[in-house]
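Below is one structure, written out as structure tokens, with a few remarks after it.
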Amino acid sequence: MDSYPYYTAYVATVIIAVLLVCRRIRPQVYLSLPPGPRPWPIIGNLLDFPSAAPWTTFDRLGKTYGDVIHMRVMGHSVVVLMSIFLCDLVEAGWAMVLQGYTDSWRRSRRVFRQYFNRDVAPKFQEIQREETQAFLLRLHRSPDEVQGLVRHLFSSMIMRIMYGIKISEQNDPYVAIAEEVMKGFSEAGQPGRFYVDFIPFLRYIPTWFPGALFHKRAASLKPVFNAMVNKPFNVVKDSIVSGSTIPSVVLSMLEGIHDGTRREEDEMAVKSSAASAYAGGADTTRSAIQLFLLAMVLYPDVQRRAQAELQSIVGSNRMPAFADRPSLPYVQALILEILRWQPVAPLSMPHSTSSSDTYRGYYIPKGAIVIGNAWSILHDPQHYPNPFSFNPERFLKNGRLDSDVLSPTVVCFGFGRRICPGQFFALDSLYIIVSSILQLFDISHKIDECGQQIAVDVRLTSGLISSTEPFACSFKLRSAAAEALFSSLPD
Ligand code: HEM
């Protein structure tokens, strides 16, 4: 009797060892790749990669092949995941990378999280509030420039917080550099944008070769990438030397570095995490705000309802504060619906497997590009009935946020170890911007010279970050009380 457990353990160990050895040798012997559209000779499924809104094409393919699909592009595997289970996948020990899990990535990530985690991010709320109010003044002055002003708003927040730099209202050199970098990110990050993603040897073709777009683009971006990382960082370093420091995250990070053999690496981590805050937050936050404005024009009833909630909780004599947020469930639900309705990173961030693995009974080869279709999850009728309607109430039950509904924040900020480390800051920004705009302004269709409403519809850009094409809208102070409140804002 006593030997029975030992015998069982022995047999189990042998079985596991055999399975592990088999798996290491050739997992494909007994596992198939996930299903997917039939590939053509040589080009494989290249034609299944549309350049416009690929997430909807992938979603359609998913309806035929299931929520894990495989495609082959120039001999390279691409796996598209369209289920919330992909969170499990990443948590289950997959090493997925876009630029590699290097020591320097780990260091930057650690430094970044130290300043932007859930507990520390609220320290920046005062600057977020002040910059939002400055934005409202500019918006009232130049409503037709709203697109540029929204862009300027995030830049002004993050440059002040990271470097203590107050950017100028127009033609700011730091913003110009960062915006050029953002354009490059958006192009390079779109899966299949440059064929070199799938045909690595193209990397070695000469720059003069027709179609070697990626070489030209990379060369033009190199100096701006360098400037973005170094220029504002050097301002902080110079201020230390001259004794004229202004409080900032980079200053605190630098003060936290102790002299030693790793000083250069630690400084690089500070540089990289500071520049990543701009790169990670600028287009995403801007895009979410533009989608909010678009939704307010298209769904005036939702706008009225959010304003009614603000009126009942905040009143009309002061601006919304962060302390009001728990009492404003409809405003919170509205923000969740914006993140769900048109996710700003519809395909999250493409990753790559660093070793072969299995997932849900399928073989996933080493080096496969893995794309999580966040858009598909956020439009899954099982989680969100009637997913194409804009309806913040789907997140509410008995006047509170309904914890049974899958929060879009679980999906739209990515998954696993690479999950967006700026998410708490992002949600704070969205809350203060959305509630402040609604407190003062009615947002509606713009009227043309003939007195007709200028039509607005949902036209999205395609890229790693998806935003709205520019659209016309009007901002009017809502009431006499809003006018008085607006006049009381500090200039
Ligand atoms: C609505 C706003 C935002 C959305 C939807 C968003 C979404 C995302 C997504 C999908 C990723 C990729 C995650 C992955 O690789 O799986 C990401 C990464 C990242 N985000 Fe955000 N983000 C937002 C705002 C911000 C803000 C405000 C910051 C900075 C303060 C930020 C900083 C970053 C950084 C640094 C990364 C790279 C993380 C890494 O590779 O380790 N994000 N974000």
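All ligand and atom numbering here is 1-based and tracks the order in the structure. In this chain, residues are counted from 1 in sequence order. Because the structure is a prediction, the values reported are computed rather than measured.
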Quiz prompt | ligand 1 to Thr285 polar contact by distance, N or O atoms, under 3.5 Å | solution = no

Quiz item: What atoms in ligand 1 come closer than 4.0 Å to a heavy atom of Ser276?
Solution: 35 (C)

Practice problem: Using heavy-atom distances, let me know which of Gly280, Gly414, Ala274 sits nearest atom 31 (C) of ligand 1. | Solution: Gly280

Quiz item: Mind checking whether Ile433 and Met157 have side chains closer than 4.5 Å, heavy atoms only?
Solution: yes

Quiz item: Within 45 degrees of the axis of the six-membered ring of Tyr384 and under 6.0 Å from its centre: does Arg340 put its NZ or CZ there?
Solution: yes

Self-check item: Ligand-residue contact atoms, ligand 1 with Phe425, heavy atoms, under 4.0 Å
Solution: 27 (C), 30 (C)

Practice problem: Do me a favour and list the nearest non-hydrogen protein atom to atom 12 (C) of ligand 1 with residue, atom name and distance? | Solution: Met349 CB, 3.6 Å

Quiz item: Within 45° of the six-membered ring axis of Tyr431 and under 6.0 Å from that ring's centre, is NZ or CZ of Arg325 located there?
Solution: yes

Quiz item: In terms of atom number and element, which parts of ligand 1 are under 4.0 angstrom from non-hydrogen atoms of Cys412?
Solution: 5 (C), 7 (C), 10 (C)

Quiz item: Which atoms of ligand 1 are found less than 4.0 Å from any heavy atom of Val344?
Solution: 5 (C)

Quiz item: Between Asp283 and Ser287, do the side chains contain an N or O donor and an N or O acceptor separated by less than 3.5 Å?
Solution: no

Practice problem: Note the single closest protein heavy atom to atom 38 (C) of ligand 1, along with its residue, its atom name and the distance in Å. | Solution: Arg109 NH1, 3.3 Å

Quiz item: Under the 3.5 angstrom rule, does the side chain of Thr461 hit a backbone N or O of Ser467 as a donor-acceptor pair?
Solution: yes

Self-check item: Numbered atoms and elements of ligand 1 in range of Ala277, under 4.0 angstrom, heavy atoms
Solution: 29 (C)

Self-check item: Nearest-contact summary for atom 13 (C) of ligand 1 - protein heavy atom, Å
Solution: Arg418 O, 3.1 Å

Self-check item: For atom 11 (C) of ligand 1, closest protein heavy-atom neighbour
Solution: Phe413 O, 4.0 Å

Quiz prompt | Nearest-option assignment for atom 22 (N) of ligand 1, heavy atoms, candidates Pro343, Cys420, Pro421 | solution = Cys420

Quiz item: Does Gln128 use its side chain to pair, donor to acceptor, with the backbone of Phe425 at less than 3.5 Å?
Solution: yes

Quiz item: Are the side chains of Ser435 and Asp324 in touch, meaning some heavy atoms are under 4.5 Å apart?
Solution: no

Practice problem: Tell me yes or no: between the side chains of Ser108 and Ser272, is some donor less than 3.5 Å from an acceptor? | Solution: yes

Quiz item: Which ligand 1 atoms are under 4.0 Å away from a heavy-atom of Ala426?
Solution: 2 (C), 24 (C), 27 (C)

Quiz prompt | For atom 23 (C) of ligand 1, the protein heavy atom that lies nearest, with its residue and separation | solution = Thr284 OG1, 3.4 Å

